[in-house]
Amino acid sequence: MTTLAPPPAPVRQEGPHHRAKQAFDGGLASRARQLLTGAPEDPRWARPALLAILALATALYAWNLSSITGNTFYNAAVYSGTRSWKAFFFGALDAGSFITVDKPPFALWVMGLSARAFGYGTWQLLLPMIALGTGSVALVHRLVKRDFGPAAATLSALVLALTPITVAITRDTNPDPVLVFLMLLGAAALLKAVRSGRLVPLVWSGVAIGFAFNTKMMQAYVVLPAFFLVYLWAANASLGKRLCNLAAGTAALIVSSAWWMVVVDLIPVSSRPYIGGSTDNTVWDLVIGYNGFGRVFGATSSVGSQGNSASFGGDAGLYRMFNDIMGGQISWLIPFAAIALTAGLVLRGRAPRTDAKRAALMLWGGWFVLHYLTFALAEGTFHPYYVTAMAPGIAALAGAGGVTLYGAFRERAAAKWSWVLPTAIAVSTGWAVVLLERVSGSGTLYTVAEAVVAVAGVASVIGLLVARFTKRQRLMGVAALAAVVALLAGPAAYSASAATSGTNGTNPTAGPGTGGGMGKGQRPGGTGGPSSSSGNSNSSTNGDGSTPGNTESVATESSGTVSGTAEAGSAESDASGTNSDGGGMGGETQISSATVTYLKENQDGATWLVAVATDQTASSLILESGEPVISMGGWSGSDDAMTLAGLKSLVKTGKLHYIVISDSGRGSANSEISTWVKANGTAVSDHSGLYRLDASDVG
């Protein structure tokens, strides 16, 4: 009997859609696993270490969130942008769009979209800052890992997460965390373009830096010389193609940088707000003046802008990053980074032109050196938190350079390499002891940190040398870990201080106070800076010693008004009037809560609640009242935003009824306005300096 075998199962025809689905499912599952385990070639500790560092960074940036007030100036602009799309686009301080802040609006857009999505409040504004700060740590890890491996990447990410000034500024509503993240995106695209020689990544690099320009203008361009040099030298393409690609990338940079400026400057001045910080009501003047060459050369420069001469980080000079104010914020690993950069470039000296490690060292070295020189030598307005932009360069050099030096220390037979790594550790730990000794009386935290640095530093140097000459590899590894502890104990103490205390948004810093904040160029009634205790993130003051506005505020769902405190000066307002500090339109005037209540009750349909002298006063009033307020003189009171003719027009059309005038005006235009208001307006009793104006008062 013949047994017939069952017919073979039909072969399933796998078409392209089925194969694509398999690839997608497998790829998605693989990527999901790698989020927790890392790439297959990575050591098992690498991904958990990265996740722990990201969690640490997030905790430092978000800890005690309710104590953070942020920068009242930018808070008010974000709030105004939630009330008006016109104010949102221009970055206006007030919802009536009378005057803009003195920066381009991209960071305000980021915070504003969060506030529009989740409602206006502290955590809504800080959510994107915390996310971008943590994202910057992840980006540095990814960029360093690509060329130097997971150990270098882990160390770099940890250094950036524990950089004190980075912790302080990320817990704030200043635009710098947005700037740093965009610059790192530009660096990531640039390194990809260098490795591949392709044009598209270079174009994206230009676009990223262009958006960074629309965050803090010319500060975004500090890294450009390094970007151009690295691509021109190391890109994997012929010289002709490199030059053509650079031209195309530069075109993308120009377009992405200039589009907002061109659009705004083409709009008639009658249809847009005054450009705060400019001398001629154009964004271009703001670019080359107040936010450009004026920052570098100061107000005495022909291209400098008014009010651009105050330094809150000490006198300009190569030592600035190491002085009593700046040292604890950024300088901990500068000696190590400088030694690592030099040694790393020497070690890669005979590598091919397209060597990826040398290209990365050139990029991070250029990032560090260019920022160092720019910030150290800047004669214009300088705040300590600017140097957070230098932190990625230091972090990458510490990780990549440190691992490079460690490898040379272990493997090189030449005696000179036996001393480079121990010397770098000894110099940096010695400097950390000096920094901590400066604040030795400021608390147990810093005393303990100083002891840890000293003990771990000595143990590391001795352990490395003993291990090197006795060939004990395990001892060498333990000594390297001790070096990490020695190098990071000081920054960790400062960062913990920044994370556990409230942050003042005018001049946020980390750690205890170590010195006065004003260098040469201090002007009475300056634009804001630290006092003798300026190092503390809770103690920033204006240049005249008064405390800037700290406004903890939330928008009420029912009325859209903002509740909270608005302290624009050092003296408490009396219950029924205003206090003047500096006087006129050039000084800062404090408006009492009673006056705010009176103004709201008698606004009579006007667009603006009141006109005041400066942005500081206006921003506090906007947040307290929830209504648009005119800043007539910009940040320092020296902007020509309000003219007598403009004031008369606003009064005649019923858009403004109240103006605050003090007894000591400054400048011809300010004096003219003050004289006219006093002659034609009606002084409001019990509210000193407040005048009522109606259409009938305009001749």
Side-chain angles (χ1 to χ4, degrees), residues 60 158-159 162-168 312-315 317-340 372 375-376 384-385 387 390-391 394-395 398 402 421-464 479 481-501 507-519 530-540:
L60 288 172
L158 184 59
V159 170
L162 292 178
T163 300
I165 195 60
T166 296
V167 175
F312 310 116
D315 293 342
L318 290 177
Y319 181 71
R320 176 184 267 174
M321 296 300 110
F322 299 93
N323 67 23
D324 286 349
I325 304 165
M326 299 302 305
Q329 307 305 315
I330 193 64
S331 73
W332 302 89
L333 289 171
I334 286 179
F336 189 90
I339 294 172
Y372 184 96
F375 294 142
Y385 62 81
V387 300
M390 183 166 62
I394 296 173
L421 179 61
T423 299
I425 295 170
V427 171
S428 292
T429 54
W431 175 242
V433 169
V434 171
L435 290 173
L436 290 166
E437 185 63 26
R438 289 177 178 176
V439 297
S440 58
S442 299
T444 305
L445 176 65
Y446 306 103
T447 302
V448 171
E450 184 177 354
V452 170
V453 169
V455 172
V458 171
S460 173
V461 172
I462 294 176
L464 283 172
L481 290 176
V484 173
V485 173
L487 294 174
L488 294 181
Y494 268 67
S495 294
S497 171
T500 54
S501 60
N507 194 50
T509 52
T514 54
M518 295 295 294
S531 67
S532 59
S533 59
S534 63
N536 194 314
S537 61
N538 247 342
S539 62
S540 296

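Quick note: numbers below take in every heavy atom, side chains included, and nothing from hydrogens, waters or symmetry partners.
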(request) Mind listing the closest non-hydrogen atom pair of Ser331 and Leu435 along with its distance? (result) OG-CD1, 3.6 Å

(request) Identify the two heavy atoms, one from Ala424 and one from Ile339, that lie closest to each other, and give their separation to 0.1 Å. (result) CA-CD1, 3.7 Å

(message) Tell me whether Gln329 contacts the main-chain N or O of Thr509 through its side chain, where contact means a donor paired with an acceptor under 3.5 Å.
(response) no

(request) Check whether any side-chain heavy atom of Ile425 sits under 4.5 Å from a side-chain heavy atom of Phe336, and report yes or no. (result) yes

(message) Could you check whether any side-chain heavy atom of Phe312 comes within less than 4.5 Å of a side-chain heavy atom of Pro384, counting everything from C-beta outward?
(response) yes

(message) Contact between Leu488 and Leu333 at the side-chain level, heavy atoms closer than 4.5 Å - yes or no?
(response) yes

(request) Specify the closest pair of heavy atoms between Ala489 and Val453, including all atoms of both residues, with the distance to one decimal. (result) CB-CG2, 3.7 Å

(message) I want to check something: taking the side chain as every heavy atom from C-beta on, are Pro164 and Ile330 in contact at a cut-off of under 4.5 Å?
(response) no

(message) Which heavy atom of Gly328 sits nearest to which heavy atom of Tyr494, and what is that distance?
(response) O-CD2, 3.4 Å

(request) Indicate yes or no for a side-chain donor-acceptor contact from Thr163 to the backbone of Val159 under 3.5 Å, with no hydrogens or angles considered. (result) yes

(message) Could you report the tightest heavy-atom contact between Ala391 and Thr166, atom names first, then the distance?
(response) CB-OG1, 3.6 Å

(request) Decide, yes or no, whether a salt bridge links Asp324 with Arg438 under the criterion of side-chain N to carboxylate O below 4.0 Å. (result) yes

(request) Check whether any side-chain N or O of Ser460 sits under 3.5 Å from a backbone N or O of Gly457 as a donor-acceptor pair, and report yes or no. (result) no

(message) Measuring only between side-chain heavy atoms, which start at C-beta, is Arg320 closer than 4.5 Å to Asp315?
(response) no

(message) How close do Leu162 and Ser495 get, counting heavy atoms only, and between which atoms?
(response) O-OG, 2.8 Å

(message) Can you confirm whether Trp332 sits close enough to Leu487 that some side-chain heavy atom of one is under 4.5 Å from a side-chain heavy atom of the other?
(response) no

(message) Quick check against the 3.5 Å criterion: does Ser497 have a side-chain atom that pairs as donor or acceptor with the backbone of Ala510?
(response) no

(message) Parallel, tilted or perpendicular, judged at 30° and 60°: which one describes the rings of Trp431 and Phe322?
(response) perpendicular

